Amino acid sequence: MPGTLVPEKVAGKIVVCDRGVSARVQKGLVVRDAGGAGMVLSNTAANGQELVADAHLLPAAGVGETEGTAIKSYVASAPNPTATVVVAGTEVGVRPSPVVAAFSSRGPNMVTPEILKPDMIAPGVNILASWTGKAGPTGLAADTRRVGFNIISGTSMSCPHVSGLAALLRSAHPEWSPAAVRSALMTTAYASYSGGSSLLDAATGGMATPFDYGAGHVDPARALDPGLVYDLGTRDYVDFLCALKYSSTMIAAVARSREYACAENKTYSVGALNYPSFSVAYSTANGDGGGDSATVTHTRTLTNVGGAGTYKASTSLAAAKGVAVDVEPAELEFTSVGEKKSYTVRFTSKSQPSGTAGFGRLVWSDGKHSVASPIAFTWT
């Protein structure tokens, strides 16, 4: 933090700093202002092995938690520890790639458990892009440098990637609704590497789940031709709010109109929202699970945006033990563009311990297109 380093101890030295609390680039500023020659920025358990590029104000290197622990051990044990910061060049073809960023937003959805979040992931780590001339690359007031390009990480980088893809899809399919665009991006996303193994999580080093990547990583080429989409209109969202017990006044505030209301003689279900993913929320019979089976029902409608074809449903529940899934009907035939077909999915499971989670996948395929939806199960 500013003012915490003693210049007499730091002058001419390379300082090892831990990530966290203050901005990464601000740590470098503090070291520089204290007379430091350079900095090694070490990840802690919160960031694991994920490295984020920064335009530091002094020579600096970022290292993972494992390397940082080794470096700090060396500093503490060697009588005269030394270090050199070397520019090693650009690495390409790094594998595995992509991995879920350690800072990426995670599920489950604590507000509405019946809706799976996140929707998808997109490139957001170490993104090279043009940069304003109004600020230095660190964004700090003390940074007087001006550059045409910068490297930034965060949701602020994945968001414009998805926004650009949405514009691409709308240019190719101007008749698509925003929900159709989202559906195309989600149902064509990939959740595994070319070899078949699941995407990894940089935060843990282990396999990621739909609570980390949603439907998966966006795939622009496949999204242009998804075959089928899960579409939504204004009335669908109003019915969703009705299922959440919103009052007429609350709905009018959201819809900016008083023409929408909930019918007293109609039964609304959160599981009826035509979303491209499934989140199945069970109530645990008791804290340890057990007891009778419970069935949760979701309904969906698919709209054909491709050619004629017959789609068959398949499910994968390798990461959801003890859950049975029934899709009715299990086959849908489309003969024309714009044609809509509905189906029902029943998820049946015995009660499991509170806090348990499981995952699966539902895919509709005609042999050419694979319209995939992630499934998340939770017991609370």
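Note that the coordinates shown come from a computational prediction; the quantities given were computed from them, not determined experimentally.
- Side-chain heavy atoms closer than 4.5 Å link hydrophobic residues (I, L, V, M, F, W, Y) into clusters, and following such links, possibly through other members, connects V162 to V181.
- No donor-acceptor pair closer than 3.5 Å links the side chain of Q26 to the backbone N or O of S22.
- Salt-bridge check for D201 with R106: passed, with a basic side-chain N closer than 4.0 Å to an acidic carboxylate O.
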(request) Report the C-alpha distance between N43 and L51 in whole Å, list the side-chain angles of each, state the deciding distance to 0.1 Å, and finish with yes or no for side-chain contact (heavy atoms from CB on, under 4.5 Å). (result) CA-CA 8 Å; N43 282 4; L51 300 181; 4.2 Å; yes
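- Contact check for S158 versus I121: no side-chain heavy atoms found under the 4.5 Å cut-off.
- Annotation: the span from C262 atom SG to Y246 atom OH amounts to 11.0 Å, rounded to 0.5 Å.
- Rounding to the nearest 0.5 Å gives a distance of 8.0 Å between CG of L228 and NE2 of H369.
- Side-chain polar atoms of T295 and T348 form a donor-acceptor pair below 3.5 angstrom.
- Contact check for R24 versus L41: side-chain heavy atoms found under the 4.5 Å cut-off.
- Not a single donor-acceptor pair under 3.5 Å links the side chain of D33 to the backbone N or O of V30.
- By the 4.5 Å heavy-atom criterion applied to side chains, L57 and L29 are counted as neighbours.
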(request) Please lay out, stage by stage, how V16 and Y74 fare under the test side-chain contact (heavy atoms from CB on, under 4.5 Å). (result) CA-CA 11 Å; V16 181; Y74 163 68; over 6 Å; no
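- Inspection of the K341 and T301 side chains reveals no N or O donor paired with an N or O acceptor under 3.5 Å.
- Rounded to the nearest 0.5 angstrom, S314 OG and L362 CG are separated by 7.0 Å.
- Between the side chains of T69 and E65, not a single donor N or O lies within less than 3.5 Å of an accepting N or O.
- M120 and Y230 are assigned to two separate hydrophobic clusters, defined by single-linkage of ILVMFWY side chains at heavy-atom distances under 4.5 Å.
- When the side chains of ILVMFWY residues are joined at heavy-atom separations under 4.5 Å, either directly or via intervening members, V270 and V345 end up in two distinct hydrophobic clusters.
- The shortest side-chain heavy-atom distance between F377 and F359 does not fall under the 4.5 Å cut-off.
- The OG1 atom of T356 lies 14.0 Å from the NZ atom of K321; values are rounded to the nearest 0.5 Å.
- Residue M186 is grouped with residue L232 when hydrophobic side chains (ILVMFWY) are merged at heavy-atom distances under 4.5 angstrom, including chains of intermediate members.
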(request) Run the numbers on K340 and T303 for side chain to side chain donor-acceptor pair (under 3.5 Å), then give the verdict. (result) CA-CA 4 Å; K340 298 179 182 290; T303 302; 2.9 Å; yes
(request) May I have the step-by-step check of side-chain contact (heavy atoms from CB on, under 4.5 Å) for Y213 and S198, ending in yes or no? (result) CA-CA 11 Å; Y213 54 65; S198 176; 4.2 Å; yes
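- No donor-acceptor pair under 3.5 Å is formed between the side chain of N47 and the backbone N or O of E50.
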(message) Could you walk me through whether D219 and T188 satisfy the side chain to side chain donor-acceptor pair (under 3.5 Å) test, starting with their C-alpha distance in whole Å, then the side-chain angles of each, then the deciding distance to 0.1 Å, before giving a yes or no?
(response) CA-CA 6 Å; D219 188 332; T188 59; over 6 Å; no
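- Side-chain atoms of N126 never come within 3.5 Å of backbone atoms of V52 as a donor-acceptor pair (strictly under, hydrogens ignored).
- Under a hydrophobic-cluster definition in which Ile, Leu, Val, Met, Phe, Trp and Tyr are linked whenever side-chain heavy atoms come within less than 4.5 Å, directly or via other members, M39 and V85 are assigned to different clusters.
- In terms of modelled atom types and a separation under 3.5 Å, the side chain of Y260 and the main chain of T234 share no donor-acceptor contact.
- Enclosure of atom CE in M250 by more than 12 non-hydrogen atoms of other residues, nucleotides or ligands within 6.0 angstrom is indicated.
- Put simply, CG on D212 and OG1 on T209 are 4.0 Å apart, with the number rounded to the nearest 0.5 Å.
- Taking the six-membered ring where tryptophan is involved, the planes of W379 and Y282 are essentially parallel, since the angle between them stays under 30° and well short of 60°.
- The CE atom of M207 sits 8.5 Å away from the OG atom of S197 when rounded to the nearest 0.5 Å.
- In this structure, G227 and N304 approach most closely via the heavy-atom pair O-OD1, 3.2 Å.
- At least one side-chain heavy atom of V63 sits less than 4.5 Å from a side-chain heavy atom of V40.
- Within the 4.5 Å cutoff, side-chain heavy atoms of L116 are placed close to those of P210.
- In terms of heavy atoms, N274 sits closest to R300 at OD1-CA, 3.3 Å.
- Nearest heavy-atom pair across A215 and A189 is O-CB, 3.8 Å.
- Distance alone, capped at 3.5 Å, places no donor-acceptor pair between the D225 side chain and the R222 backbone.
- Checked for salt-bridge contact, D366 and K312 miss the test: no charged N lies under 4.0 Å from a carboxylate O.
- At most 12 non-hydrogen atoms from other residues, nucleotides or ligands lie less than 6.0 angstrom from CZ of R258.
- Residue R145 places its CZ atom among more than 12 non-hydrogen atoms of other residues, nucleotides or ligands, all under 6.0 Å distant.
- A donor-acceptor pair under 3.5 Å links the side-chain atoms of S163 to the main chain of C159, judged by distance alone.
- Side-chain atoms of Q49 come within 3.5 Å of backbone N or O of T66 as a donor-acceptor pair.
- At distances below 3.5 Å, not a single donor-acceptor pair connects side-chain atoms of S183 with backbone N or O atoms of D231.
- Across P98 and H217, no two heavy atoms sit closer than the pair CG-CD2, 3.5 Å.
- The backbone N or O of P123 sits less than 3.5 Å from a side-chain atom of H161, completing a donor-acceptor pair.
- The side-chain heavy atoms of L185 and R182, taken from C-beta on, include no pair separated by under 4.5 Å.
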(request) In sequence, state the C-alpha distance, the side-chain angles, and the governing distance for Y311 and V363, and then conclude on side-chain contact (heavy atoms from CB on, under 4.5 Å). (result) CA-CA 9 Å; Y311 286 80; V363 180; over 6 Å; no
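- A78 and P81 get closest at one heavy-atom pair: O-CD, 3.3 Å.
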(request) Would you please test Y268 and F240 for ring pair (Phe, Tyr, Trp, His ring centres under 6.0 Å) and show each step? (result) CA-CA 7 Å; Y268 296 95; F240 172 67; over 10 Å; no
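- Considering every non-hydrogen atom in both L200 and P96, the closest pair reads CD1-CG, 3.6 Å.
- In this structure, the side chains of Y275 and D236 stay at 4.5 Å or more apart for every pair of heavy atoms.
- A salt bridge between K27 and D18 is absent, with no side-chain N of the basic residue lying under 4.0 Å from a carboxylate O of the acidic one.
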